[in-house]
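Only one structure is covered here, and it is reproduced in the block below.
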2 protein chains.
Amino acid sequence: MKRPLPALSSRKAADARPPVADKRDAIMRAATQVFAQRGFFNAQVADIARAAGVAAGTVYLYFRSKDDLLVSLFERTMKDAIAEGRAALAGATDPRERLSRIARLHLERLGRDRDLAVVFQVELRQSTKFMERFSSSYLREYLGLIREAVEAGQAEGLFRRDVSATAASKILFGALDEMATNWMLSRRRYPLENDADTVIDLFLHGVGDRTRPVGGVA
Amino acid sequence: MKRPLPALSSRKAADARPPVADKRDAIMRAATQVFAQRGFFNAQVADIARAAGVAAGTVYLYFRSKDDLLVSLFERTMKDAIAEGRAALAGATDPRERLSRIARLHLERLGRDRDLAVVFQVELRQSTKFMERFSSSYLREYLGLIREAVEAGQAEGLFRRDVSATAASKILFGALDEMATNWMLSRRRYPLENDADTVIDLFLHGVGDRTRPVGGVA
DNA sequence: CGACAATGAATGAACATTCATTCATGAAGC
DNA sequence: GCTTCATGAATGAATGTTCATTCATTGTCG
């Protein structure tokens with residue numbers, strides 16, 4: 001009854017068979033494209049298979065189900081993004097610089113691949129089922145990355161301590177997320193990563209005119 | 001061949017029948033609930049009908065299709081929200097106060113009805129089809145409301161002029177949106193509207209410590 | 001030869017939508 | 001006041017389609 005999982009068939013070197021990673025990858029790429037184009041629920045597995053140049057049944061040799069395909073897409077991308085993020089952060093000690101790098105990386109990655117952006121900004125938010133699952137795993141980790149930078153800034157006295165670091169990180173994430181969504185929906189093709197500076201600038205300094213006395217709203 | 005539309009059968013006064021608005025409303029309420037619970041694509045029209053206490057076919061006397069039901073939900077809510085927003089803004093001249101009211105109203109409305117929040121934060125983002133449609137209509141108008149307040153602030157010299165009002169309004173909206181999404185996904189039931197002050201505070205002043213010299217990041 | 005990846009036609013379940021029929025209401029006629 | 005009729009809202013079983021998924025078969029290595 002076991003469905004054959006893609007085995008590590010070639011025990012030799014990395015050239016004997018490109019089968020596993022190769023085909024799996026092709027299917028994921030195709031899925032990104034098709035999901036972006038038609039939407040997850042309207043996308044047919046057969047479409048994805050065709051786009052990947054394989055038969056419908058083949059998809060099921062590499063993925064348990066259509067759902068699994070979407071989840072795998074998300075997990076792989078998030079894993080990459082977090083790794084890349086941590087790497088980029090290694091070289092920066094100033095919390096402001098750290099936030100700036102996160103923001104730039106975030107928008108660069110999505111701005112590089114519009115299909116991926118569509119999947120992330122739209123298709124992944126299909127249902128609370130997915131949302132809950134995602135937000136409690138990698139997304140949580142990603143938000144944590146931001147929060148740590150904010151906390152570091154507070155500890156160093158660079159950032160205000162009278163705002164919750166958690167709230168601040170949500171706000172920054174929300175701002176980036178909205179920039180990405182806008183870009184993805186817009187017909188214009190401007191360089192998304194440029195928004196990173198604007199977001200960070202506003203996040204650090206606010207819109208309030210600094211040349212004037214600080215006025216509260218409430 | 002014409003399907004009977006709910007007619008204004010009683011020509012007399014406003015008490016003769018509660019039928020039309022009543023049932024339509026019940027279906028919309030039920031739809032909000034069922035969409036929130038199961039997600040748009042997994043929700044069956046029959047479920048909605050049952051929840052509304054009508055037969056499946058009846059739904060089609062009031063709505064063209066399942067899609068139409070979701071669209072109607074969105075339009076009614078947005079119409080309400082924008083009207084309420086404009087009303088609240090009438091009494092405030094200070095742009096900071098205007099933004100504050102928008103933020104509070106935004107979060108209050110969603111925080112009042114979790115099912116509605118789920119539909120707005122998740123289900124409406126089903127597909128680019130919906131997204132494009134929404135973002136180009138009411139959402140655009142809503143963003144415009146925010147942008148106008150920002151522009152007014154800039155004109156009055158209260159806000160910095162070196163940031164695009166459009167970018168700033170996206171950022172504010174994104175921050176509010178993320179607060180709402182977090183609240184909706186969280187198991188804890190805290191008063192969402194309290195986040196409005198935090199968001200506005202940060203939007204106006206940023207996280208940067210004001211007691212220190214202004215340091216640029218780049 | 002095996003062994004196993006790949007195929008794609010066949011299966012069957014799920015569901016939006018339709019529409020022939022029922023029923024409650026109120027008007028008209030007696 | 002009572003009966004009959006017309007109207008159209010409401011019903012819900014039946015329809016037809018649309019796929020995700022399976023699996024018997026085929027092709028290809030070593």
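Chain naming here is simple, since letters A, B, ... match the order of the sequence lines and numbering starts at 1 in each.
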Mind checking A:Val59 for me? I need base, sugar-phosphate or nothing, with any heavy atom below 4.0 Å counting as a touch.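 The residue A:Val59 makes no contact with any strand.
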Quick one: side-chain hydrogen bond (donor to acceptor under 3.5 Å, both in side chains) partners of [X], sequence neighbours excluded?
{"X": "B:Thr32", "answer": "none"}
{"X": "A:Asp115", "answer": "none"}
{"X": "A:Tyr138", "answer": "none"}
{"X": "A:Arg86", "answer": "A:Glu141"}

[N] [atom2] sits how many Å from [X] [atom1], rounded?
{"X": "B:Asp47", "N": "C:dC15", "atom1": "CG", "atom2": "C1'", "value": "10 Å"}
{"X": "B:Leu61", "N": "D:dG8", "atom1": "CG", "atom2": "C1'", "value": "10 Å"}
{"X": "B:Arg38", "N": "C:dC15", "atom1": "CZ", "atom2": "C1'", "value": "14 Å"}
{"X": "B:Phe41", "N": "D:dA20", "atom1": "CZ", "atom2": "P", "value": "12 Å"}
{"X": "B:Arg50", "N": "C:dC15", "atom1": "CZ", "atom2": "P", "value": "12 Å"}
{"X": "B:Tyr60", "N": "D:dG12", "atom1": "OH", "atom2": "P", "value": "16 Å"}
{"X": "B:Asp67", "N": "C:dA16", "atom1": "CG", "atom2": "P", "value": "11 Å"}
{"X": "B:Asp68", "N": "C:dA16", "atom1": "CG", "atom2": "P", "value": "15 Å"}

Within less than 4.0 Å of OP1 or OP2 of D:dA9, is there a side-chain N or O belonging to B:Lys23?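 Negative; the distance criterion is not met.
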Between B:Leu99 and B:Ala149, which heavy-atom pair has the shortest distance, and what is it?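 Between these two residues, the closest heavy atoms are CD2-CB, 3.6 Å.
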Between B:Glu84 and B:Arg109, does a salt bridge (Lys or Arg N to Asp or Glu O under 4.0 Å) hold up when you go through it step by step? CA-CA 10 Å; B:Glu84 191 186 10; B:Arg109 179 169 288 263; 2.5 Å; yes
Using a cutoff of under 3.5 Å, can you pull out all pairs of nitrogen or oxygen atoms linking the protein to nucleotides 10-14 of chain C, with atom names and distances?
none

Among C:dT7, C:dT17, D:dA20, the one nearest B:Lys66 by side-chain distance: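 Nearest to the side chain of B:Lys66 among the choices is C:dT17.
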If you check every side-chain atom of A:Ala55, which of D:dA20, C:dG8, C:dT17 has the closest atom?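 It is C:dG8.
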The criterion is side-chain contact (heavy atoms from CB on, under 4.5 Å); which residues satisfy it with A:Thr166, sequence neighbours excluded?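 A:Thr166: side-chain contact (heavy atoms from CB on, under 4.5 Å) contacts with A:Arg147, A:Ser164, A:Lys170.
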Distances under 3.5 Å between nitrogen or oxygen atoms of protein and nucleotides 21-24 of chain C:
none

Suppose we screen for salt bridge (charged side-chain N to carboxylate O under 4.0 Å, His left out). Which residues come up paired with B:Arg64, at least two apart in sequence or across chains?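 Listed in chain order: B:Asp68.
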Suppose we screen for salt bridge (charged side-chain N to carboxylate O under 4.0 Å, His left out). Which residues come up paired with A:Arg76, at least two apart in sequence or across chains?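 Salt bridge (charged side-chain N to carboxylate O under 4.0 Å, His left out) check on A:Arg76 returns A:Asp25.
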